[in-house]
Amino acid sequence: QVQLVESGGGLVQAGGSLRLSCAASGNIKSVNVMGWYRQVPGEQREWVARMSSSGSTNHADSVKGRFTISRDNAKKMVYLQMNNLKPEDTAVYYCNLVEVFGGRQYWGQGTQVTVSS
């Protein structure tokens, strides 16, 4: 019912910047939380950042001060601005949407971010 499509991943050098985008479509409930997760193959998926439809944000300690989540409700988009990237940021990044009242959860297909030293 809801589809999420990420874009913007790629290969960058340490210290560089990248902006990820996630486009949402379908029957989207207005009261929701959108966020970003990342995962290295063979490891557990890690929460990175979240932003509610009302504008509140949270960032994981590992990325706070370097990454910034934002969203444009009119465009049905959520973004992750990543600055001062480190090799340990290398992972597949996933977009996520949670409906606050219904509890339904949706995931994008993921986009690869690789940071070289």
Side-chain angles (χ1 to χ4, degrees):
Q1 192 172 35
V2 175
Q3 287 186 295
L4 304 173
V5 180
E6 301 100 332
S7 62
L11 174 64
V12 298
Q13 289 189 319
S17 298
L18 206 61
R19 189 180 77 155
L20 305 183
S21 300
C22 175
S25 62
N27 189 20
I28 305 166
K29 301 299 182 182
S30 59
V31 182
N32 61 69
V33 177
M34 297 188 71
W36 291 94
Y37 289 73
R38 65 187 183 186
Q39 186 171 30
V40 176
E43 298 184 7
Q44 190 171 12
R45 189 166 297 186
E46 176 190 19
W47 170 75
V48 175
R50 65 178 288 278
M51 188 169 186
S52 72
S53 51
S54 62
S56 63
T57 63
N58 297 95
H59 297 80
D61 289 342
S62 60
V63 305
K64 194 171 185 178
R66 299 188 299 119
F67 293 8
T68 304
I69 189 171
S70 62
R71 59 188 286 171
D72 186 329
N73 292 334
K75 294 181 179 179
K76 300 178 181 179
M77 298 281 290
V78 64
Y79 308 95
L80 186 67
Q81 179 66 48
M82 304 184 293
N83 297 326
N84 192 24
L85 284 160
K86 304 175 180 180
E88 50 263 45
D89 295 319
T90 295
V92 177
Y93 284 71
Y94 296 90
C95 181
N96 168 262
L97 185 151
V98 178
E99 297 177 349
V100 172
F101 297 115
R104 284 179 287 272
Q105 184 173 216
Y106 305 92
W107 293 93
Q109 81 289 345
T111 185
Q112 177 70 49
V113 172
T114 302
V115 184
S116 65
S117 59

Would you say the side-chain atoms of E6 pair up with the backbone N or O of G110, donor to acceptor, closer than 3.5 Å? yes
Taking R104 for the side chain and E99 for the main chain, is one N or O donor matched with an acceptor at less than 3.5 Å? no
Shortest non-hydrogen separation from Y106 to V2 and the atoms involved: CD2-O, 3.6 Å
Treat each ILVMFWY residue as a node, draw an edge where side-chain heavy atoms are under 4.5 Å apart, and state whether V33 and V31 are in one component. yes
Are E88 and S62 side-chain neighbours, meaning at least one heavy-atom pair lies under 4.5 Å? no
Are V63 and Y37 connected in the hydrophobic side-chain network, where two residues link if heavy atoms are under 4.5 Å apart? no
One should read off an interatomic distance between R45 CZ and R38 CZ, to the nearest 0.5 angstrom, of 13.0 Å
With clusters defined by side-chain heavy atoms of hydrophobic residues (ILVMFWY) lying less than 4.5 Å apart, directly or transitively, does W107 cluster with W47? yes
Same cluster or not: are V113 and Y94 linked, directly or through other Ile, Leu, Val, Met, Phe, Trp or Tyr residues, by side-chain heavy atoms under 4.5 angstrom apart? no
How far does CD of Q1 sit from CG of N27, to the nearest 0.5 angstrom? 4.5 Å
Closest non-hydrogen contact found for E43 with Q39 is O-NE2, 3.0 Å
Please check if any side-chain donor atom of N32 sits under 3.5 Å from a side-chain acceptor atom of R71, or the reverse. yes
Starting at NE2 of H59, measure out to OG1 of T68 and round the result to the nearest 0.5 Å. 5.0 Å
Under the criterion side-chain contact (heavy atoms from CB on, under 4.5 Å), I'd like the reasoning laid out for L4 against M34: C-alpha separation, chi angles, the key distance, then a yes or no. CA-CA 10 Å; L4 304 173; M34 297 188 71; 4.1 Å; yes
Under the 3.5 angstrom rule, does the side chain of T90 hit a backbone N or O of V115 as a donor-acceptor pair? yes
Return yes when atom CD of Q13 has more than 12 non-hydrogen atoms of other residues, nucleotides or ligands closer than 6.0 Å, and no otherwise. no
Do M82 and M77 sit in one hydrophobic cluster, given that two such residues count as connected whenever their side-chain heavy atoms are within less than 4.5 Å of each other, even indirectly? no
Least distance between heavy atoms, S17 atom then N84 atom: OG-N, 4.3 Å
Working to the nearest 0.5 Å, report the span between CD1 of I28 and CD of Q3. 10.0 Å
Over all heavy atoms of both residues, which pair between A14 and P87 is shortest? Give the atoms and the distance, please. CB-CD, 4.2 Å
Rounded distance [0.5 Å steps], CG in L80 versus SG in C22: 10.5 Å
Fit a plane to each ring of Y93 and F67, take the angle between them on a 0 to 90° scale, and name the class: parallel (under 30°), tilted (30 to 60°) or perpendicular (over 60°). tilted
Does S52 have any side chain to side chain donor-acceptor pair (under 3.5 Å) partners at least two apart in sequence or in another chain, and if so, which? S54, S56
Inter-residue atom distance Y79.OH - M51.CE, 0.5 Å rounding: 11.5 Å
